[in-house]
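Heads up: the structure comes next, in structure tokens.
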Amino acid sequence: MNNNRLALVIGGSRGIGKAIVLRLAQAGFDLCVTYQSNHQAAQEVKTAVEALGRSCNLLSFDLADRASVRAALTPLLEKQCPDVLVYNAGIAKDNLLAFMKDEEWDAVLHTNLDGFFNVTKPVIFEMIRMKRGRIVVISSISGQIGQAGQVNYSASKAGLIGAVKALAREVGRKNILVNVVAPGVIETEMTEALPKDLILPLIPLHRFGSSEEVAAVVNFLCSEPCMYIHGQVIGVNGGMAI
Ligand code: NAP
């Protein structure tokens, strides 16, 4: 039995998830990091966590495949219930709704929203048993205010906000805090191709955010002093939604 605090980060191999993993490792958590298929990126994260003196266990599965998720998580949960779950993984397949392919709708909803259920159900069961836990779900400003060309993505991210609010009402009395972090436009592979000159005027801070800025908020929500923030949506968006 390992007594170190454990954080399970879903989609922690790249971008915002990687920054969250490193921030939590700096805060003293051992890590279990999941990803889909980019083994090299995942190995790099593991090496970086170990260089910080923490352990890092890697798991790969497709979030949309319920059986694979459960098969991968069961041995972990039998060994140790994570103190923290960060549900970060997400994909976008943008198109105007009139032209959206069935596969674009299905892939985004199955990964972003069904994936949350596939992961969180077995984890919450163990957290309730332990009577402790922190859950942070990464949504998006698109789920708060909607974004043209992202009806599928916005629906999945708004769905996560509804799910967290309902879950927060279910498990607050079990000493499990559940919150959402909703990033605006963050410098990552996902936003590389965006037209900066058109978007910057919409952001009062007039710059894109960094993954580290999102990770700092996630870390705060998982920290000891943060005991009374529950069922909330924390925007990290430079004022893009006020
Ligand atoms: P990213 O760089 O594309 O990384 C996504 C992570 O999720 C990777 O670890 C990836 O694994 C994993 N993943 C993707 N699909 C998966 C699947 N089907 N099964 C299992 N794992 C899967 O993403 P990001 O840009 O850092 O964004 C992270 C989160 O923030 C997402 O939920 C995104 O919607 C949200 N967000 C991002 C922005 C932004 O500006 N970037 C803004 C608002 C919200 P592999 O490495 O194996 O592919």
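All ligand and atom numbering here is 1-based and tracks the order in the structure.
Regarding atom 40 (O) of ligand 1, its nearest protein heavy-atom neighbour is Ile186 N, 2.8 Å. For atom 26 (O) of ligand 1, the nearest non-hydrogen atom of the protein is Ile16 N, 2.8 Å. In terms of protein heavy-atom proximity, atom 41 (N) of ligand 1 is nearest to Thr188 OG1, 2.7 Å. What sits closest to atom 29 (C) of ligand 1 on the protein, heavy atoms only, is Asn88 O, 3.0 Å.
Both Leu22 and Ile20 are members of a single hydrophobic cluster when ILVMFWY side chains are connected at heavy-atom separations under 4.5 Å.
Between the side chains of Gln150 and Ser142, at least one donor-acceptor pair of N or O atoms lies under 3.5 Å. For the 3.5 Å distance criterion, the side chains of Asp106 and His110 fail to qualify, holding no donor opposite an acceptor.
Backbone and side-chain nitrogen or oxygen atoms of Glu189 are examined, and none is located within less than 3.5 angstrom of a nitrogen or oxygen of ligand 1. Close N/O approach between Ala64 and ligand 1 is not found [any backbone or side-chain N/O within under 3.5 Å]. Not one N or O of Ser140 is nearer than 3.5 Å to an N or O of ligand 1, by distance alone. Not a single N or O atom of Thr191, backbone or side chain, sits closer than 3.5 Å to an N or O atom of ligand 1. At a 3.5 angstrom cut-off on N or O pairs, Leu63 counts as close to ligand 1.
Residue Ile10 is tested with Asn88, Asn118, Thr34 for a side chain to side chain contact (heavy atoms under 4.5 Å, CB included); the sole match is Thr34.
Using a 4.0 Å cut-off between heavy atoms, Ser139 contacts ligand 1 through its backbone alone, with no side-chain atom that close.
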